[in-house]
Structures are given as structure tokens and as C-alpha cells.
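Reading through the C-alpha cells given below for one structure.
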Amino acid sequence: LQDSRELVSWSNNMINTMNSGELAKDVQEAEIFLQLHSERKAEIDGRKSHFAAVRQHGNRLVSEQHYASEDIQKAIGQLDRAKLSLNGAWEKRNNLLTQCHDLQMFKETAEQTEAWISSKETFLANEDLGNTLYSVEALIKKHDGFEKMTMAQTDRVDDMKQFADNLVENQHYAVNEIMDRCKVVVDRYQRLLDHMSARKKKLEDSKNYQLFLRHLYEVSNWINEKLQIALDESYRDPTNLQAKIQKHVAFDAEVSANRNRVDSVKEEGTGLTEDKHYASDDIKKRLEELELSWQALIAASAEKKDRLQDAYRALMFNRVIDDLIVWMDEVENQLSSEDHGKDLTSVNYLLKKHQMLEQDIANHKEKVMDVKDTAQVFKDTKHFMNKELQARAKETSERYSSLTEPCKIRRDNLEDAQVMYQYFRDVEDEMKWIAEKKPLAASTELGNSLVAVQNLNKKHQLLESEI
């Protein structure tokens with residue numbers, strides 16, 4: 001009975017010791033607790049022979065009808081129950097410690113998985129999208145490597161999830177905690193995948209943006225280059241103006257032919273904004289600036305074309321004026337001549353020549369009027385050389401008008417000379433006549449016969465009649 005009571009007491013103490021211990025808080029502690037529990041199992045197994053010996057001794061006493069058989073029988077029952085309780089308690093505690101170990105292993109796995117996710121999140125936290133096509137392509141290459149490595153290690157999460165599913169399936173005591181912890185990690189992993197996908201898309205968007213900028217810069221530089229040509233004022237120099245006009249026709253054709261380049265860049269940018277690109281505001285602004293630059297080029301090219309045409313019209317206008325100036329120089333030279341002839345023949349020739357000059361002056365009136373009308377058109381259209389052209393037109397018109405008075409003076413002088421030389425010729429003719437008739441009047445011939453006298457008398461009468 002004493003041995004039985006000692007074994008029952010030992011069993012109860014062992015059960016209390018096993019049940020009083022706290023659960024482990026990490027894997028290492030859980031393993032220590034399992035090791036200690038295994039040692040207790042060894043201790044329990046070590047007492048099996050003692051339990052058997054005491055029980056066997058008690059059964060022998062009962063079979064020998066010991067006077068305390070009833071107490072012995074009760075003691076044997078208590079001993080059997082204590083042994084069963086002890087084994088049950090050990091198994092229960094062992095199951096609990098094993099589950100605790102599994103829980104700590106799961107937690108450690110979850111922590112390691114989260115640490116792995118965290119390291120990946122750190123990589124994805126980089127918001128650098130590159131500022132050149134080369135840098136963006138380098139980032140994409142780096143991201144592709146990261147993505148490949150991440151997907152290759154995705155079994156980390158799958159293993160953790162499978163571990164959790166097994167624990168839940170085995171009805172682990174912390175099933176809710178395990179499910180919640182697993183969900184947190186899986187959700188975080190899914191956010192990592194989403195972030196990774198979003199980062200990949202942003203990098204692709206960045207590459208498309210850099211390609212757009214490259215095309216934009218190429219077109220913008222071309223526009224600026226052509227704009228400088230369109231804005232030059234070479235039309236102010238009339239040298240080789242016709243060649244400049246032909247060159248601008250080719251320039252205009254080149255500009256028109258490159259409209260598709262501008263449209264292509266605009267379509268590229270519009271496509272990015274329609275896809276809700278992260279730099280949509282900047283893209284829209286740049287497209288607006290591109291359109292303004294293009295319109296400025298078109299306007300400058302059209303204006304230069306007009307200026308070249310205006311310059312050509314001004315050149316033709318100046319040539320007309322130059323011709324008029326040369327003509328007026330010649331007219332003024334003739335009008336200022338002091339040659340009024342030296343006789344009637346020469347003065348008549350000069351008068352005839354002057355009449356032709358007057359007719360020539362009259363004929364040029366229409367040209368002068370055309371000059372004035374053209375100058376008025378230049379003024380109305382705000383020609384870039386308007387001031388200079390108006391001055392030349394006014395000078396030409398006034399100079400033409402100034403020909404009237406010297407022309408009249410020249411005619412009067414020539415007509416006066418004609419009257420004078422006509423008088424001289426008349427006097428000369430009369431003097432010749434007198435010289436011719438004077439010998440007849442002074443003749444002393446009186447005739448030597450009647451007939452001769454009659455003839456002389458008749459001639460004399462005719463002379464007197466002529467005088």
C-alpha cells in the first residue's frame with residue numbers, strides 16, 4: 001500500500017508539473033520544452049517496471065486472500081488510474097507542446113517570409129523612373145531581374161500557406177491566430193506583387209515617355225532650326241531675289257512635307273494621356289508648346305513668303321522708278337539745253353524734236369500715275385519698305401511734275417528763236433530781191449529802137465508793179 005501510494009503521489013505530482021508549465025514563446029524554447037517533456041516520458045517509462053511490480057505484488061496478496069485485500073484491491077485500482085492519467089496527461093501535454101512548436105515554427109516562417117517581402121518592398125520603394133531613355137532601360141532590366149528572382153522564390157509564401165493549412169486541418173489550438181497571421185502575410189505578398197506590377201507598368205510608361213520626349217525634341221529642334229530660317233530678313237537684300245523666292249518655295253514644301261512628323265508626335269503623346277500616363281499634365285503642356293511652335297513656323301514661313309513677294313514687287317517698282325529717273329535725267333538734260341538753233345532750219349528741227357519730247361513726257365504720265373497707285377497699294381498693305389517706297393514715289397512724282405515749267409520755257413524759247421530766224425530769213429530774202437532788182441532799176445539802157453524802148457518800158461512797169 002505504501003508503494004502504491006508513493007507511485008500515485010508521484011504520478012499526481014508529475015501531472016501537476018507537466019500541466020503547470022507555460023508554453024514556449026519561440027522555436028528554441030519550444031524545442032527545449034519538447035526535449036524536457038521527452039525526458040519526462042523517459043522517466044515515466046523508467047517507472048513502468050515499478051508500477052508493474054507493485055501491481056503484481058498487490059494482485060498476489062489479493063489472491064492469497066490477505067486480510068487487507070479490499071484495501072489492496074482499491075490501491076491497485078488507484079494505481080491503474082494514476083498510470084492511465086499520467087500517460088494521458090503526458091500525451092495531452094506532448095500534443096500541446098508539439099502544436100506550440102508548430103505554432104512557433106509557423107510564426108518564424110511567417111516572420112522570415114515577411115522579412116523577405118520587406119526586402120522586396122524596399123527595392124520597390126525606389127521611385128526613380130529614370131530621366132533618360134538609357135537610364136530607364138537600365139531600370140527596366142534591373143526590375144526584370146528582380147521580378148524573375150521574386151517569382152522564383154514565390155514558394156516561400158506557398159510553403160508558409162501550406163504549413164498554415166495543415167495546422168488548420170489538424171485543428172491546431174491557435175487556428176484563428178494562424179489563419180489571421182497567414183492572411184496578413186499573403187495579403188502583404190499580394191500587395192508586393194501588385195506593387196511590382198505597378199512598378200513595371202510605370203517603368204514601361206517612363207520608357208514610352210522618354211521615347212516621346214526623344215521624338216518631341218527631334219521635331220522641336222527641327223522646327224526651331226526651320227523657324228530661324230523663316231525668321232531671317234534676307235528678303236531685305238534684293239540681291240538674287242528670284243533665287244531666294246525659289247528657295248523659299250522649296251523650303252515651304254519641306255515644311256509641309258514634315259507635317260506628318262508633328263502629327264505622329266502628337267498622336268504618340270495623345271495616346272499616352274488617354275492611357276492615363278503619370279506624366280499626362282506634362283505631356284499635354286509639351287504638346288501645346290509643340291503646336292504653338294508649329295503654328296509659329298507656319299506663320300513665319302507664310303509671312304516670309306509674303307515678304308519675298310513684297311520685296312519682289314518693290315524690286316520691280318524700284319526698277320520702274322530707276323527707268324523713270326534715267327528718262328527724266330535725259331529729259332532734264334534736253335530741257336536745260338541752251339541750243340536754240342542757229343538758223344530757221346535748225347530751230348524748226350529743235351521745235352519738232354521738242355514736240356516729240358513733250359509727247360514723250362505726256363506718254364510717261366500714265367507710268368507716273370501707276371507708280372503713285374502702286375505706292376498707295378504698298379501703303380494700304382503696310383509694306384515692310386513702305387516708308388522708303390513712298391519717299392521714292394513722291395520724289396518721282398514731284399520731279400515729273402517739275403518738268404512742266406522747263407518744258408514750257410524751252411518751247412517758248414524755241415518759238416521765239418523761230419520767230420527771230422524767220423525774220424532774219426525774210427530780211428535776207430528781201431535783201432536778195434532788192435539786190436536782184438536794183439541793177440534793173442539803175443540800168444541806163446534806154447533802148448535804140450521803138451520796140452526796144454517799148455520792151456524796156458514794159459519791164460520797168462513790171463518792176464514798179466513788183467516793188
Side-chain angles (χ1 to χ4, degrees), residues 105-168 177-221 261-291:
M105 285 290 292
F106 169 76
K107 285 182 176 181
E108 186 174 280
T109 302
E111 288 173 1
Q112 290 173 351
T113 304
E114 277 200 305
W116 173 78
I117 293 174
S118 180
S119 68
K120 303 303 178 185
E121 288 173 339
T122 302
F123 177 86
L124 293 176
N126 180 17
E127 296 183 356
D128 180 19
L129 297 176
N131 52 13
T132 64
L133 184 59
Y134 175 80
S135 62
V136 174
E137 288 177 342
L139 287 172
I140 290 176
K141 184 177 181 180
K142 187 176 180 181
H143 184 83
D144 288 343
F146 167 81
E147 196 173 57
K148 185 177 181 180
M149 182 177 66
T150 300
M151 298 311 296
Q153 296 175 339
T154 189
D155 57 341
R156 286 172 174 262
V157 180
D158 294 338
D159 290 347
M160 184 214 69
K161 189 173 184 303
Q162 185 62 50
F163 191 5
D165 291 342
N166 292 338
L167 293 178
V168 171
E177 180 184 355
I178 292 169
M179 290 175 63
D180 291 344
R181 187 78 173 94
C182 182
K183 185 176 184 305
V184 168
V185 177
V186 170
D187 288 349
R188 186 173 178 182
Y189 177 66
Q190 186 58 51
R191 287 195 299 272
L192 172 70
L193 295 180
D194 293 343
H195 192 180
M196 185 167 63
S197 177
R199 169 74 176 169
K200 178 67 176 292
K201 185 179 184 306
K202 266 199 170 185
L203 287 171
E204 290 296 336
D205 287 347
S206 179
K207 179 180 179 180
N208 293 333
Y209 177 58
Q210 293 301 327
L211 285 171
F212 162 75
L213 289 180
R214 171 182 284 185
H215 299 153
L216 177 72
Y217 292 151
E218 288 174 354
V219 173
S220 295
N221 290 337
R261 290 181 65 192
V262 178
D263 291 339
S264 177
V265 172
K266 290 177 67 177
E267 288 175 6
E268 185 179 359
T270 301
L272 293 177
T273 57
E274 288 176 352
D275 289 341
K276 297 181 180 179
H277 193 281
Y278 67 87
S280 291
D281 292 341
D282 181 66
I283 293 171
K284 288 178 181 178
K285 182 180 177 182
R286 291 179 183 274
L287 288 178
E288 290 172 0
E289 292 173 349
L290 176 65
E291 182 62 23

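No hydrogens or angles considered: a donor-acceptor pair under 3.5 Å links the side chains of Thr154 and Tyr189. Side-chain contact check for Gln162 and Asp158: no donor-acceptor pair (N or O, by modelled atom type) lies under 3.5 Å.
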Original post:
What's the verdict on side-chain hydrogen bond (donor to acceptor under 3.5 Å, both in side chains) for Asp194 and Gln190, showing C-alpha distance, side-chain angles and the deciding distance?
Top reply: CA-CA 6 Å; Asp194 293 343; Gln190 186 58 51; 3.1 Å; yes
Step by step, would you call His143 with Leu124 a side chain to side chain contact (heavy atoms under 4.5 Å, CB included)?
CA-CA 9 Å; His143 184 83; Leu124 293 176; 3.8 Å; yes
(request) Before giving the answer on side chain to side chain contact (heavy atoms under 4.5 Å, CB included), spell out for Glu177 and Lys107 the whole-Å C-alpha distance, their side-chain angles and the decisive distance to 0.1 Å. (result) CA-CA 10 Å; Glu177 180 184 355; Lys107 285 182 176 181; 2.8 Å; yes
Please report the C-alpha distance between Phe163 and Cys182 in whole Å, then the side-chain angles of each, then the deciding distance to 0.1 Å, and finally whether the side chain to side chain contact (heavy atoms under 4.5 Å, CB included) criterion is met.
CA-CA 9 Å; Phe163 191 5; Cys182 182; over 6 Å; no
Exercise. Run the side chain to side chain contact (heavy atoms under 4.5 Å, CB included) check on Phe123 and Leu192 step by step: do they pass?
Worked result: CA-CA 11 Å; Phe123 177 86; Leu192 172 70; over 6 Å; no
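Atoms CG and OH, on Leu290 and Tyr217 in that order, are 12.0 Å from each other to the nearest 0.5 Å. Note that the CG atom of Leu287 and the CD atom of Glu291 stand 9.0 Å from one another [nearest 0.5 Å].
Side chain of Ser197 to main chain of Leu193: no donor-acceptor pair is present (N/O by atom type, distance under 3.5 Å, no hydrogens or angles). Using a distance-only test at 3.5 Å, with no hydrogens or angles considered, no donor-acceptor pair links the side chain of Ser118 to the main chain of Glu114. For the pair Thr270 (side chain) and Lys266 (backbone), a donor-acceptor distance under 3.5 Å is present. Side chain of His195 to main chain of Ala125: no donor-acceptor pair is present (N/O by atom type, distance under 3.5 Å, no hydrogens or angles).
Ion pair Asp282/Arg286 flagged as a salt bridge, since at least one NZ, NE, NH1 or NH2 atom sits closer than 4.0 Å to an Asp/Glu carboxylate oxygen. Lys285 and Asp281 are not joined by a salt bridge, as no carboxylate oxygen comes within less than 4.0 angstrom of a charged side-chain nitrogen. A salt bridge links Glu121 with Arg188; the closest basic N to acidic carboxylate O contact falls under 4.0 Å. Ionic pairing of Arg214 and Glu268 is not present here: no N-O contact between side-chain nitrogen and carboxylate oxygen is shorter than 4.0 angstrom.
For Arg199, there are no side-chain hydrogen bond (donor to acceptor under 3.5 Å, both in side chains) partners two or more places apart in sequence or in a different chain. Asp205 meets the side-chain hydrogen bond (donor to acceptor under 3.5 Å, both in side chains) test with Lys201; sequence neighbours excluded.
By the 30° and 60° cut-offs, the orientation of the rings of Tyr209 relative to Phe212 is parallel.
The two residues His277 and Ser280 have their closest heavy-atom pair at O-OG, 2.5 Å.
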